[in-house]
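A quick write-up on the structure given underneath.
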Amino acid sequence: MPPPPREAARPPKRVDAVPGTPFGVVHLDVPPVTSGLAIGSLVTGIASILVSLLVLCFGIAGTNYGGAWAAGAFTVLGAIAGVAAIVAGLLARRQIRRPAPPPAVRFTGRGLAVAGLSCGGVGLLVSLGGLALALVLQIT
């Protein structure tokens, strides 16, 4: 098997001479890193949407079998996941927006954070709406 391709040599960002010696300190450019908070926000938001769809299924299909209880139990899970996605998305946007001095790591992933915020909000709203629908169907 051939060896893996080598990464291109990155040029140094700056070189500082060490006084009194022929040596210097090289500062390399650090590539930006995708924010883990943004990725976690998106994954949690998608999980919240999936759980909210389960809430809707229990609420609509289980009206004769106490589906409101099951929908209520899964609504708690969906709401917690939705709120967690929203909080993680807001923290990720803050982390990405923060300026970093040159030797520090820069973060990217603003789109992932916004998608996590959106998915978390939709999952939270659909979970609460599914619970309301289950309660209305159970009462009537």
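Quick caveat, the model's predicted, so the values are computed rather than measured.
Leu125 and Val122 are not part of a single hydrophobic cluster, where members link through side-chain heavy atoms under 4.5 Å apart. Linking ILVMFWY residues whenever their side-chain heavy atoms come closer than 4.5 Å, directly or via other members, places Ile60 and Leu53 in the same cluster. Residues Ile49 and Ile46 fall into different hydrophobic clusters, defined by Ile, Leu, Val, Met, Phe, Trp and Tyr side chains chained together at heavy-atom separations under 4.5 Å. Taking hydrophobic clusters as Ile, Leu, Val, Met, Phe, Trp and Tyr residues chained together by side-chain heavy-atom distances below 4.5 Å, Leu91 shares a cluster with Leu124.
When all heavy atoms of Ser127 and Ala79 are compared, the pair lying nearest together is OG-N, 4.4 Å. Nearest heavy-atom pair, Ala134 versus Ala71, reported as atom, atom and distance to 0.1 Å: CB-CB, 3.9 Å. Counting all heavy atoms, side chain and backbone alike, Ser35 lies closest to Phe107 at CA-CD2, 4.0 Å. Considering all non-hydrogen atoms of both residues, Ala84 and Thr44 come closest at CB-CG2, 4.1 Å. Shortest non-hydrogen contact noted between Leu42 and Ala115 is CD1-CB, 3.7 Å. In terms of heavy atoms, Ala92 sits closest to Ala38 at CB-N, 3.5 Å.
Atom CG of Leu131 is separated from atom CG of Leu128 by 7.0 Å, given to the nearest 0.5 angstrom. Taking CZ of Arg14 as the start and NE2 of His27 as the end, the distance is 4.0 Å to the nearest 0.5 Å. Rounding to the nearest 0.5 Å gives a distance of 9.0 Å between CG of Leu56 and OG1 of Thr75. Leu117 CG to Leu90 CG: the interatomic distance, rounded to the nearest 0.5 Å, is 5.0 Å.
Distance alone, capped at 3.5 Å, places no donor-acceptor pair between the Thr34 side chain and the Thr108 backbone.
The residue from Val126, Leu77, Ile80 that alone fulfils the side-chain contact (heavy atoms from CB on, under 4.5 Å) condition with Val51 is Leu77.
Counting heavy atoms from C-beta on, the side chains of Ser41 and Leu112 never come closer than 4.5 Å.
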